[in-house]
Amino acid sequence: PNIAQLLDAGVAPGGQPYMVLEYVDGEPIDRYCDERKHGVETRIRLFLDMLGAIAHAHAHLIVHRDLKPANVLVDSGGQVKLLDFGIAKLLADDGRPHATRDLTGEAGAAMTLLYAAPEQVTNGTITTATDIYALGVILYVLLSGQHPAGAGPLSPADIIRRIADEDPPRLSEMADAAGASSRSTTAEKLRRRLQGDLDTIVAKALKKDPAERYVSVSELADDLRRHLGHEPIGARPDTLRYRAVKFVRRNRVAVALASLAVVATAGGIVGTTLQARAANRERLIAERRFSQVRQLANK
């Protein structure tokens with residue numbers, strides 16, 4: 001349901017391949033969220049809808065190769081629609097006629113440079129990890145309002161160099177007043193919201209080496225869902241302290257009640273101990289006085 005329906009496809013008399021898709025009356029996902037000042041959680045949930053569409057394509061051995069906000073529209077009802085498989089590539093021969101396979105790969109190395117993966121700009125092998133990198137860029141833009149390549153006019157050579165050779169700043173470091181305003185918060189609050197799990201998730205999706213990225217779109221989606229549920233994510237070292245913090249966030253009410261019970265129990269133990277000590281002190285005083293009285297009586 002999150003992929004725009006394919007109505008027709010073929011090759012025109014002049015040899016030009018064409019595709020006819022359903023018309024989607026919507027806005028690019030980043031503009032849709034900015035205009036409505038959606039917060040981080042709402043943006044992630046819309047992004048998860050998009051991940052479901054990409055996972056469906058990957059399950060059929062199709063890589064999109066041109067994922068970007070302009071190809072992800074959100075209609076007035078809040079439904080995400082993924083567009084433009086025009087340069088998608090079949091990863092393997094699935095038995096379809098050669099004319100169909102050729103149509104999907106006709107565009108060759110076509111891409112949108114700002115959302116291209118390192119292997120695309122260096123003529124490397126295109127795999128599902130290529131789409132995962134583009135998804136990382138989209139998520140970076142969607143959450144921070146900034147592009148990982150940086151602001152300002154950049155030449156194609158600058159963009160290629162940054163994609164291929166330079167690690168982008170951490171997601172939380174890019175939070176500024178303009179981005180915070182479009183997310184109904186302050187720059188400091190946005191920075192804190194993006195720190196930790198989201199920094200780690202986006203950084204893993206944007207690894208230069210495809211083998212170091214998420215193995216699948218589903219794995220990326222699982223980590224985002226765990227983050228929303230205050231559960232430990234797979235991309236982060238599983239330390240005892242990290243799991244404890246996540247447990248407390250998931251079970252705030254229960255932990256608070258348990259803490260009160262512990263405090264009350266501790267208070268009761270302390271009170272009982274003090275009373276016992278006071279009683280013992282009074283007993284010793286009484287025994288000493290009794291002993292003094294008995295000594296006087298015997299004189």
Between Asp49 (side chain only) and Val80 (backbone N and O only), is there a donor and an acceptor less than 3.5 Å apart? no
For the student: nearest non-hydrogen atoms of Ala129 and Pro210, plus distance: CB-CB, 3.8 Å
Holding to side chain to side chain contact (heavy atoms under 4.5 Å, CB included), I want the full list of residues that pass it with Glu166, two or more places apart in sequence or in another chain. Arg161, Arg162
Face-on cation placement of Lys207 at Tyr133 ring, 6.0 Å and 45° thresholds: no
Please check if any side-chain donor atom of Asp158 sits under 3.5 Å from a side-chain acceptor atom of Ser155, or the reverse. yes
Pairing residues for Phe47 by the ring pair (Phe, Tyr, Trp, His ring centres under 6.0 Å) criterion, not counting sequence neighbours: none
Do Tyr214 and Asp223 pair up side chain to side chain, a donor and an acceptor below 3.5 Å, judged on atom types alone? yes
Rounded to the nearest 0.5 angstrom, the NE2-CG distance for His58 and Leu51 is 10.0 Å
Just checking, any donor-acceptor pair under 3.5 angstrom between side chains of Lys68 and Thr112? yes
For Lys208, I'd like to know if atom NZ has over 12 heavy atoms of other residues, nucleotides or ligands within 6.0 Å. yes
Check ion pair Glu173-Arg191 (N to O, under 4.0 angstrom): no
Validation row, ring centre Tyr115 to ring centre His64 under 6.0 Å: no
Donor-acceptor pair, His147 side chain versus Leu114 backbone, under 3.5 Å? yes
Decide, yes or no, whether a salt bridge links Arg31 with Asp34 under the criterion of side-chain N to carboxylate O below 4.0 Å. no
Strictly below 4.0 Å, N to O, side chains only: are Glu119 and Arg213 in salt-bridge contact? yes
